[in-house]
*Asks:* 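Right, I'll just put the structure down here and ask away after.
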Amino acid sequence: MLVSSSTFRPITAIMDANYRPELIEAEAQKQWEAEQAFRAPDPNGPGFDPTRPKYYCLSMFPYPSGKLHMGHVRNYTIGDVLARYHKMRGYNVMQPMGWDAFGLPAENAAMANQVAPAAWTYANIDYMRKQLKSLGLAIDWSRELATCKPDYYRWEQWLFTKLFDKGVIYKKLATVNWDPVDHTVLANEQVIDGRGWRSGALVEKRDIPMYFFRITDYAEELLSELDHLPGWPERVKTMQRNWIGKSFGVEIHFPLSQPAGQDVLKVFTTRADTLFGVTYVAVAAEHPLAQQAAANNPALAAFINECKQGSVAEADLATMEKKGMDTGLKAYHPFTGEAVPIWVANYVLMGYGEGAVMAVPAHDERDFAFARKYHLPIKAVIKPADGELNLPLTEAYTENGVLFDSSDFSGRTSQDAIEKIALVLKGLGLGERRTTFRLRDWGISRQRYWGCPIPIIHCPSCGDVPVPEAQLPVVLPEDVVIDIGSPLKKMPEWSNCACPKCGGAAERETDTMDTFVESSWYYARYACPDNNEKMLDGRANHWLPVDQYIGGIEHAILHLLYARFFHKLMRDVGLFGAENVRSSANAGSPHPNPLMKPLPFGIPEGEGAIAKPKPIDEPFLNLLTQGMVVAETYYRELPDGKKQWHNPADVEVERNEKGHIVAAKLKSDGQPVVIGGIEKMSKSKNNGVDPQALIDQYGADTARLFMMFAAPPEQSLEWSDAGVEGAHRFLKRLWKAVHEHVAKGNVAAYSGGELAEAQQGFRRQLHQTIQKVSDDIERRQQFNTAIAAVMELMNALARLDGDDAVTRSLRQEALEAVALMLSPMVPHIGQALLVELKPGFAFAQAAWPTADASALVQNEIELVLQVNGKLRGKLTVAADAAKEAIEQAALASPEAQKHMEGKAAKKVVVVAGRLVNIVV
RNA sequence: GCCGACGUGGUGGAAUUGGUAGACACGCUGUCUUGAGGGGGCAGUGCGGAAACGCGUGCGAGUUCGAGUCUCGCCGUCGGCACCA
């Protein structure tokens, strides 16, 4: 059975005077499942209609943490509203769902509860799938995938081996957080105040070999393609641009002996104009020069050792106290030959550039603070173009300006000087212009168990050998016992193997991949999750790119950048085939299908419409970044210094007259708890609110409606269930309105004929509402105002009196439109009401209503009358009144006369359709 | 520390392109209905004022006939910072 006409159960069984969500929702969900109502037909497959353009609507898949939280409800309801709306607009919609199933929490749960990570994960998936289904989402469950299953990750391993052969993946040393007591690598999240979360030991930095993806090879494309993504929020593109961090600067070589010998210290700077202000150079603790100087300097060796403590997280490095020590070594200024001291500084990172910086205290804040602290000289060489510096400096002057005390370069502007200095340096062989990126290559090795095994075999004679395709997948054993560290490293029966090249004894790599790898390509696999022969087939060409991607703003950089990168990797491996074009159904106009109704409002023209992205180069055409659902956190400090987090549901709060929480105590013992601030709902802070209680009490439709009504999608939302009742009441009122209308007998919707003034006004509001709701959902993606507009319409309908045939036909027209417009948000009640209003109605084929232009015509409009910008009255004029006539009417009005106080009008501003402002 | 965003009644929020601040809800107050509870209906609800009117969008300045919206500075909150996902 494909798309059968929906015949809802005889309504009398469900449609009593009271709204019964538990009955309606169970019935609707059962019917949708039986009909496979949300199966997305593949090209040339059963049920495929080539005249319908495709719409791939994807919400970020969840980590199966145990149960749904409010953020999930928000995310998936937003996606569902867009998917259902587009289905009603005639698109072939695909909305899939799956599980981001590898990750650290499964190992933590395994240690805490003595269950295997796999068993824990699968149980969570089963429970959460049930929860998602109870929300009534229009998901094609036949495409479900879980990243921890070999039939998924085998293709990740397959791609890894291809990329390894291509040289896109390489191995190098990288620094990790090392817990010296537990002998294990810690995630940044597991380092709290510089100590391991379980052992409490001071964390050390340690270098270990890891595999890296050469994402920096794609930095230029990842940056420039952002300009071809008009459907992405500007803030996300800005964050990605800054993260990639392309900068133009100069590499400068400081000779290490005088006269200039072969050894030089290389630094990179974007401010080569400040070169004459250099008073020292600073190197990272791991820099070879630092190591060399420490060999016979115990104090320096001790300092370098101290630098090795602490986490590797950049936020920690950037906020820690800046410390340094003189190495006693000198470098020589490339122009003046002057000797400058070489310092070791903890704020210089070995992984960045050359692991060394030139320090100009006068013109860099960090260098200024450092020079102050260690009494290093501060030498100013840049002054403002139109003034002088106040010397001695009290803070760094970091603006561009004009050079002084800079030999032949004095008097030049910063920009000009950078060019010239780079040229002269090049002539001397002591540097040149360089473009650098802040973006670093992506290290994907994880010393953990619950992840995708890296398909490499280490052979003593052949080196690192990728696992041959025929031997894939390298299956992760699921029946294991977890304690500290990865069990793979203690399973020789798993890791011992034969070298694929020479056949000799070899060992498997026991590291697994970063879980960001799985989430970087799942969107493509949804097109063909059942293909056991290939990673992607022709269906990916049809469905990609994703037309609408929806997910939390917290993924603005890492996940979205990695997925964009992977898309390009898959393209370059040839996975999208030779015919890299989107299916013709979607080419050109957004609505090319003649069978489809036009939008009830104009399509915006301009930049966005013209700058069409090149589809196959980018995975996500349009991006909606949902704001976080946040909640207050509460904790108590335990005797061992650790924090015990309490759920807001277990805490009673006291508020001041401003509504701010001033005190809180635990309900169970009445004793105070510490207020920890508002943060995104998470397991680790125990501030998640379980949506299940909400669904159980009010039904999925109320939960969905309230979520969409509470705030616009992009905004962060502090959770409060005040207002849920209001959403529920609205649905009850709607139910009652339809019930009372239908109880008087079925009528056809209004289709023409004379209307009284009040009826005409109501019908205009109805069609204005259709226009607004369409625009709110499709263009603005702001559902709270769409719902508010429907509520206003319902309030107006309640005021529409009379049971004559015309009024009843208007009421029918309005209720049909309301049920249709609300269906994307509250599909269960939407279907039930439509079947009630139009017996035999086929919900699966429900079409979005269109505004009747003739209903929108207005003869008179009301303008706002201002005097000196202050509201003084209203002015009713003919809709087509000329500007002069409006001015005359405004000046003649008693309100204007009164507030002009006899003065003459200096100016009259008329804004068409809005206001008149008289300036005196 | 760096990057990005946000800040509007008692509360969630609206104001779409610089043009009526507070739509729509929650809560509260009054009132009607009900044996009570619950539910529902009606009216009111930014602050001050009897009113006229004045004030009002985190704070301070600026641009404009007109600023919640634009510019600059400050304060506060949230997200990210490469091994949480």
Side-chain angles (χ1 to χ4, degrees), chain A residues 60 62-63 65 100 103-105 176-177 185-191 233-236 238-239 241-243 245 312-320 322 347 351 365-366 438-448 514-516 519 552-559 561-562 625 627-628 630 655 657-659 677-680 682-684 706 709-712 714-718 720 722-727 729-730 732-733 736 772 775-776 779-780 782 784-785 787-792 795 862-866 868-871 874 906-909 911 914-920:
Chain A
M60 289 180 185
Y63 178 79
S65 54
D100 188 13
L104 206 47
V176 295
N177 302 307
V185 176
L186 297 177
N188 284 334
E189 188 192 49
Q190 297 173 319
V191 180
E234 216 45 61
R235 61 170 163 165
V236 174
T238 304
M239 281 190 262
R241 283 190 192 102
N242 291 341
W243 184 261
V312 298
E314 210 206 66
D316 294 335
L317 296 172
T319 48
M320 72 189 174
K322 310 287 177 286
Y347 67 84
E365 281 169 33
R366 208 166 44 175
R438 204 187 76 99
L439 183 69
R440 312 197 295 257
D441 275 340
W442 177 15
I444 54 104
S445 296
R446 297 290 179 271
Q447 298 69 45
R448 304 193 202 296
D514 182 358
T515 57
F516 271 124
S519 56
I553 184 65
E554 72 269 29
H555 296 294
I557 298 175
L558 291 180
H559 161 63
L561 191 68
Y562 291 148
T625 44
M628 311 270 228
V630 296
R655 292 171 190 271
E657 70 278 6
K658 273 277 173 193
I678 295 166
E679 294 193 54
K680 82 167 168 179
S682 72
K683 233 182 173 177
S684 57
F706 174 63
F709 185 59
E714 302 236 278
Q715 197 163 308
S716 70
L717 172 64
E718 189 182 339
S720 151
V724 175
E725 282 283 354
R729 276 206 292 264
F730 172 72
K732 283 200 283 192
R733 273 202 304 276
K736 207 173 116 195
K772 173 164 177 59
D775 186 45
D776 276 352
R779 180 181 61 86
R780 299 216 299 154
Q782 188 168 300
N784 55 333
T785 49
I787 294 165
V790 176
M791 285 176 169
E792 280 183 84
N795 291 343
E862 195 175 64
L863 298 184
V864 162
L865 176 63
Q866 295 182 338
N868 282 339
K870 287 207 160 84
L871 176 70
K874 301 272 166 79
K906 276 189 212 155
K907 187 176 178 181
V908 181
V909 181
V911 181
R914 287 210 181 262
L915 62 70
V916 190
N917 185 16
I918 300 168
V919 186
V920 294

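Just so it is clear: chains get the letters A, B, ... in the order the sequence lines come, proteins before strands, and each one is counted from 1.
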*Asks:* Would you check, one step at a time, whether the test side chain to side chain contact (heavy atoms under 4.5 Å, CB included) holds for Asn868(A) with Val920(A)?
*Replies:* CA-CA 7 Å; Asn868(A) 282 339; Val920(A) 294; 3.4 Å; yes

*Asks:* Which part of the nucleic acid, if any, lies within contact of Asn868(A), taking any heavy atom under 4.0 Å across all strands shown: a base, the sugar-phosphate backbone alone, or nothing?
*Replies:* nothing

*Asks:* Using a 4.0 Å heavy-atom cut-off across all strands, classify Arg241(A) as base, sugar-phosphate, or nothing.
*Replies:* nothing

*Asks:* Out of curiosity, Glu314(A) CD to Asn188(A) CG, how far, rounded to the nearest 0.5 Å?
*Replies:* 10.5 Å

*Asks:* Given A82(B), A14(B), A85(B), which nucleotide is nearest the side-chain atoms of Glu554(A)?
*Replies:* A85(B)

*Asks:* Counting Watson-Crick and G-U wobble pairs only, both distances under 3.5 Å, name the nucleotide matched with G46(B), or none.
*Replies:* C55(B)

*Asks:* Using the P atom on both, measure G38(B) against G19(B) and round to a whole Å.
*Replies:* 46 Å

*Asks:* Side chains of Asp776(A) and Thr785(A): donor-acceptor distance under 3.5 Å anywhere?
*Replies:* yes

*Asks:* Just label G9(B) as syn or anti from its O4'-C1'-N9-C4 or O4'-C1'-N1-C2 angle, using within 90° of 0 for syn.
*Replies:* syn

*Asks:* Specify the separation, in whole Å, of atom CZ of Arg446(A) and atom C1' of A85(B).
*Replies:* 12 Å

*Asks:* Between protein and nucleotides 52-58 of chain B, map the contacts as a letter string: B base, S sugar-phosphate only, - none, heavy atoms under 4.0 Å, written 5' to 3'.
*Replies:* SSSS---

*Asks:* Between G66(B) and A21(B), how far is it from one C1' atom to the other, in whole Å?
*Replies:* 14 Å

*Asks:* Base, sugar-phosphate or nothing for Arg366(A)? Non-hydrogen atoms, less than 4.0 Å.
*Replies:* nothing

*Asks:* Quick one: Ile553(A) CD1 to C81(B) C1', roughly how many Å, whole number?
*Replies:* 14 Å

*Asks:* Send over the distance from Leu558(A) CG to C81(B) P, rounded to a whole Å.
*Replies:* 6 Å

*Asks:* Who does A5(B) pair with, Watson-Crick or G-U, both distances under 3.5 Å?
*Replies:* U77(B)

*Asks:* Check the surroundings of atom CZ in Arg438(A): do more than 12 heavy atoms from other residues, nucleotides or ligands lie under 6.0 Å from it?
*Replies:* yes

*Asks:* Measure from the side chain of Thr319(A), starting at C-beta and using heavy atoms only, and say which of G13(B), G1(B), G40(B) lies closest.
*Replies:* G1(B)

*Asks:* Under 3.5 Å for both donor-acceptor distances, Watson-Crick or wobble: does U63(B) have a partner, and if so which one?
*Replies:* none

*Asks:* What distance, rounded to whole Å, do you find between the two C1' atoms, one in G56(B) and one in U71(B)?
*Replies:* 23 Å

*Asks:* Verify the contact: side-chain N or O of Asn242(A) to OP1 or OP2 of G4(B), cut-off strictly under 4.0 Å; return yes or no.
*Replies:* yes

*Asks:* How long is the span from the NE2 atom in His559(A) to the CE atom in Met60(A), to the nearest 0.5 Å?
*Replies:* 4.5 Å

*Asks:* Counting the atoms with a prime plus P, OP1 and OP2 as sugar-phosphate, which does Leu439(A) contact under 4.0 Å by heavy atoms, base, sugar-phosphate, or nothing?
*Replies:* base

*Asks:* Specify the separation, in whole Å, of atom CD of Gln190(A) and atom P of A85(B).
*Replies:* 9 Å

*Asks:* Can you give one letter per nucleotide of nucleotides 15-23 of chain B, going 5' to 3': B for a protein heavy atom under 4.0 Å from the base, S for sugar-phosphate only, - for none?
*Replies:* SB--BB--B

*Asks:* With a 3.5 Å limit on both atom pairs, tell me what A15(B) is paired to, counting Watson-Crick and G-U wobble, or say none.
*Replies:* none

*Asks:* Could you check Lys907(A) against Leu186(A) and say which one's nearest nucleotide on RNA chain B is further toward the 5' end?
*Replies:* Lys907(A)

*Asks:* How is Ala315(A) classified with respect to the nucleic acid when contacts are heavy atoms under 4.0 Å: base, sugar-phosphate, or nothing?
*Replies:* base

*Asks:* Would you mind reading off the distance between Leu561(A) atom CG and G79(B) atom P, rounded to a whole angstrom?
*Replies:* 21 Å

*Asks:* How long is the span from the CD1 atom in Ile553(A) to the OG1 atom in Thr625(A), to the nearest 0.5 Å?
*Replies:* 4.0 Å

*Asks:* I'd like to know whether Gln715(A) forms a side chain to side chain contact (heavy atoms under 4.5 Å, CB included) with Met628(A), so could you lay out the CA-CA distance, the side-chain angles of the two residues, the decisive distance to 0.1 Å, and finally the verdict.
*Replies:* CA-CA 7 Å; Gln715(A) 197 163 308; Met628(A) 311 270 228; over 6 Å; no

*Asks:* So what does Ala313(A) hit on the nucleic acid, given a heavy-atom distance under 4.0 Å: a base, only sugar-phosphate, or nothing?
*Replies:* sugar-phosphate

*Asks:* Please assess Leu871(A) against Val864(A) for the test side chain to side chain contact (heavy atoms under 4.5 Å, CB included), listing each intermediate value before the final yes or no.
*Replies:* CA-CA 7 Å; Leu871(A) 176 70; Val864(A) 162; 3.4 Å; yes

*Asks:* Which one, C84(B), A85(B), C65(B), comes nearest to the side chain of Ala187(A)?
*Replies:* C84(B)

*Asks:* Working to the nearest 0.5 Å, report the span between CG of Leu317(A) and NZ of Lys322(A).
*Replies:* 9.0 Å

*Asks:* For the CD atom of Glu725(A) and the CZ atom of Phe730(A), what is their distance to the nearest 0.5 Å?
*Replies:* 15.5 Å

*Asks:* Rounding to the closest angstrom, what is the interatomic distance between U69(B) and U57(B) at atom P?
*Replies:* 9 Å

*Asks:* Have a look at His559(A) and say if it touches a base, only the backbone sugar-phosphate, or nothing, with a 4.0 Å heavy-atom cut-off.
*Replies:* nothing

*Asks:* Take atom CD1 of Ile557(A) and atom P of A5(B), then tell me their distance rounded to the nearest Å.
*Replies:* 11 Å

*Asks:* Would you mind telling me which residue lines up with the more 5' stretch of RNA chain B, Lys736(A) or Leu104(A), judged by nearest nucleotide?
*Replies:* Lys736(A)

*Asks:* When the distance from CG of Leu317(A) to P of C81(B) is rounded to whole Å, what number comes out?
*Replies:* 14 Å

*Asks:* Select base, sugar-phosphate, or nothing to describe what Phe730(A) touches, counting heavy atoms under 4.0 Å on all strands.
*Replies:* nothing

*Asks:* Take atom P in A14(B) and the same atom in U31(B), then report the distance between them in whole Å.
*Replies:* 35 Å

*Asks:* Specify the separation, in whole Å, of atom CD of Glu714(A) and atom P of G7(B).
*Replies:* 13 Å

*Asks:* Side chain of Met239(A), heavy atoms from C-beta onward: which of A14(B), G1(B), C3(B) has the nearest atom to it?
*Replies:* C3(B)

*Asks:* So if I take every side-chain heavy atom of Arg733(A) and compare against G41(B), A82(B), A5(B), which nucleotide ends up nearest?
*Replies:* G41(B)

*Asks:* For Ile444(A) and Phe516(A), what are the C-alpha separation, side-chain angles and deciding distance, and is it a side chain to side chain contact (heavy atoms under 4.5 Å, CB included)?
*Replies:* CA-CA 8 Å; Ile444(A) 54 104; Phe516(A) 271 124; over 6 Å; no

*Asks:* In whole Å, what separates the C1' atom of C26(B) from that of U45(B)?
*Replies:* 13 Å

*Asks:* To the nearest 0.5 Å, what is the distance between CG (Leu915(A)) and CG (Leu865(A))?
*Replies:* 9.0 Å

*Asks:* Would you measure the distance from the P atom in G46(B) across to the matching atom in G10(B) and give it in whole Å?
*Replies:* 10 Å

*Asks:* If we take the C1' atom in both C2(B) and G58(B), what is their distance in whole Å?
*Replies:* 24 Å

*Asks:* Have a look at Ser445(A) and say if it touches a base, only the backbone sugar-phosphate, or nothing, with a 4.0 Å heavy-atom cut-off.
*Replies:* base

*Asks:* Quick one: label Arg235(A) by what it contacts on the DNA or RNA (base, sugar-phosphate, nothing), any heavy atom closer than 4.0 Å.
*Replies:* sugar-phosphate

*Asks:* Can you tell me the Watson-Crick or wobble partner of A82(B), both distances under 3.5 angstrom?
*Replies:* none

*Asks:* By the 4.0 Å heavy-atom rule, please label Pro62(A) as base, sugar-phosphate, or nothing.
*Replies:* nothing

*Asks:* Please answer whether the main-chain N or O of Gly869(A) pairs with a side-chain N or O of Asn917(A) as donor and acceptor at a distance below 3.5 Å.
*Replies:* yes

